[in-house]
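Everything below concerns the one structure shown next.
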Amino acid sequence: MPELPEVETTRRGLAPLVVGKTIAAVAVRERRLRWPVQSSLPDRLQNQPVTALSRRGKYLLMSTTGGTLLLHLGMSGSLRYLAAPTHPSKHDHVDLNFSSGEVLRFNDPRRFGSLHFSTEPEQHWLLKHMGPEPLGPDFTGEYLWRASRRRRVGVKQFLMNARVVAGVGNIYANESLFRAGIHPTRPAGRISRERLDGLVREVRAVLKDAIRAGGTTLKDFVGGDGRPGYFQLSLDVYDRAGESCPRCDKPITARTIGQRATYYCSSCQR
DNA sequence: CGCTGACCCTGACGGC
DNA sequence: TGCCGTCAGGGTCAGC
């Protein structure tokens with residue numbers, strides 16, 4: 001569900017609500033997430049004031065005076081901010097209880113999400129080898145060109161590798177390759193510098209467009225403010241198998257590449 | 001080292 | 001209506 005624009009939407013919605021508040025207690029009802037939740041995590045966060053809410057790739061980083069909570073939403077995770085605590089329902093795995101009485105609740109049916117505590121988040125094993133931020137200054141055509149030489153893997157899988165660039169997920173990999181006119185299975189190392197410049201431009205543009213639209217709501221994504229995104233209305237190829245290409249009118253192709261649903265126009269993308 | 005496929009888990013949906 | 005197979009936006013890891 002959540003890719004970078006959805007995580008960023010969540011971050012922007014929640015930041016004004018949690019920064020400056022103090023975590024009174026953490027309730028972990030289900031430890032079996034993507035990685036088992038450290039049993040020390042509640043103690044490490046208890047009584048800590050939240051100083052910032054930031055993002056690295058698809059990870060949310062909640063900074064406190066005593067350390068940082070790394071939170072990943074996985075495929076089905078979501079955060080809801082409750083002014084008044086309600087009885088937790090199914091898949092409500094973790095609550096951050098603030099001293100103000102408000103609650104930040106983590107719900108995740110598939111349990112692919114995760115929570116970690118770290119005093120040095122940038123050095124944490126989950127973040128340490130992560131590539132540049134796609135919206136940051138280090139993600140350039142020059143960088144992508146250097147990183148891709150001699151790589152035979154298809155450019156879509158290459159783009160979705162977090163070591164190459166952080167947080168480009170399936171929807172936006174499909175969309176940016178369409179916009180750039182590049183076929184998803186083309187070997188990454190056999191794309192010209194000029195075309196990689198274009199790809200970088202389109203990755204950035206599609207992510208920015210999606211953030212501006214409040215993310216993509218395919219099923220049930222809502223941001224920190226509880227509102228859905230509407231970027232799904234702007235998707236050119238994702239989930240549009242058989243529909244006509246917005247540029248050439250030929251039908252959109254759907255196939256599985258590397259276990260992920262892939263959509264493209266075989267005429268416009270080469 | 002690079003790449004492929006298996007795997008983690010629940011829920012929704014379509015076909016019969 | 002119910003059962004069953006398939007698929008889903010995440011990521012890591014073993015093994016070749």
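Note that these values count all heavy atoms, side chains included, but never hydrogens, waters or copies made by symmetry. The sequence lines fix the lettering, A, B, ..., with proteins before strands; numbering per chain opens at 1.
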Ionic contact status for A/Asp92 with A/Arg80, cut-off 4.0 Å: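 The answer is no: the pair does not qualify as a salt bridge.
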
Taking the basic N atoms (NZ, or NE/NH1/NH2) and the acidic carboxylate oxygens, is any pair closer than 4.0 Å for A/Lys128 and A/Glu122?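 No, this pair does not count.
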
Are the side chain of A/Arg111 and the backbone of A/Ser76 linked by a donor-acceptor contact shorter than 3.5 Å?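 Not a single qualifying donor-acceptor pair exists.
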
Does [atom1] belonging to [X] count more than 12 external heavy atoms closer than 6.0 Å?
X        : atom1 : answer
A/Arg29  : CZ    : yes
A/Arg190 : CZ    : no
A/Arg150 : CZ    : no

Side-chain heavy atoms of [X] within contact of [Y], under 4.5 Å:
X        : Y        : result
A/Tyr264 : A/Arg255 : yes
A/Ser114 : A/His116 : yes
A/Leu127 : A/Leu61  : yes

Distance, rounded to the nearest Å, where [X] contributes [atom1] and [N] contributes [atom2]:
X        : N      : atom1 : atom2 : value
A/Met160 : C/dG9  : CE    : C1'   : 9 Å
A/Lys58  : C/dG11 : NZ    : C1'   : 8 Å
A/Glu8   : C/dG9  : CD    : C1'   : 17 Å
A/Gln157 : C/dG10 : CD    : P     : 13 Å
A/His72  : C/dG9  : NE2   : C1'   : 11 Å
A/His129 : C/dG11 : NE2   : C1'   : 15 Å
A/Lys128 : C/dG11 : NZ    : C1'   : 19 Å
A/Leu4   : C/dG9  : CG    : C1'   : 13 Å

Pick the closest DNA chain B nucleotide for A/Val153 and for A/Lys90 by heavy atoms, then say which residue is nearer the 5' end.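 Counting from the 5' end, the first nearest nucleotide belongs to A/Val153.
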
With C1' as the reference atom in both, quote the distance from B/dC3 to C/dG9 in angstrom, rounded to an integer.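 Pairwise C1' distance, B/dC3 against C/dG9, rounds to 23 Å.
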
Restricting to nitrogen or oxygen on both sides, can you table the protein-nucleotides 12-16 of chain C pairs closer than 3.5 Å?
residue: C/dT12; atom: O4'; partner: A/Arg34; partner atom: NH2; Å: 2.9

If you group Ile, Leu, Val, Met, Phe, Trp and Tyr by side-chain heavy-atom gaps below 4.5 Å, do A/Val164 and A/Tyr172 land in one group?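 Yes; tracing contacts between hydrophobic side chains, which count when under 4.5 Å, links both residues.
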
Pairing of DNA chain C as dot-bracket, 5' to 3': ( ) intra-strand, [ ] crossing, | other strand, . unpaired, with Watson-Crick or G-U pairs under 3.5 Å? .|||||||.|||||||

Quick one: list whatever passes salt bridge (charged side-chain N to carboxylate O under 4.0 Å, His left out) with A/Glu175, sequence neighbours left out.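 Result, salt bridge (charged side-chain N to carboxylate O under 4.0 Å, His left out) vs A/Glu175: none returned.
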
Rounded distance [0.5 Å steps], CG in A/Leu115 versus CZ in A/Arg31: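 A/Leu115 CG to A/Arg31 CZ: 12.0 Å, rounded to 0.5 Å.
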
Side-chain donor-acceptor pair under 3.5 Å between A/Ser100 and A/Glu102, yes or no?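 A/Glu102 and A/Ser100 do have a side-chain donor-acceptor pair below 3.5 Å.
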
Walk along DNA chain B from 5' to 3' and tell me the first and last nucleotide with an atom closer than 4.0 Å to a non-hydrogen atom of chain A.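 Terminal contacting nucleotides, 5' to 3': B/dG2 to B/dA12.
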
With the criterion being N/O to N/O and under 3.5 Å, what pairs connect the protein with nucleotides 5-8 of chain C, and how long is each?
residue: C/dA8; atom: N3; partner: A/Arg110; partner atom: NH1; Å: 3.1

Atom pairs and distances, side-chain donor-acceptor, residues 15-25 of chain A, under 3.5 Å, sequence neighbours left out:
residue: A/Lys21; atom: NZ; partner: A/Leu17; partner atom: O; Å: 2.5
residue: A/Lys21; atom: NZ; partner: A/Tyr81; partner atom: OH; Å: 3.4

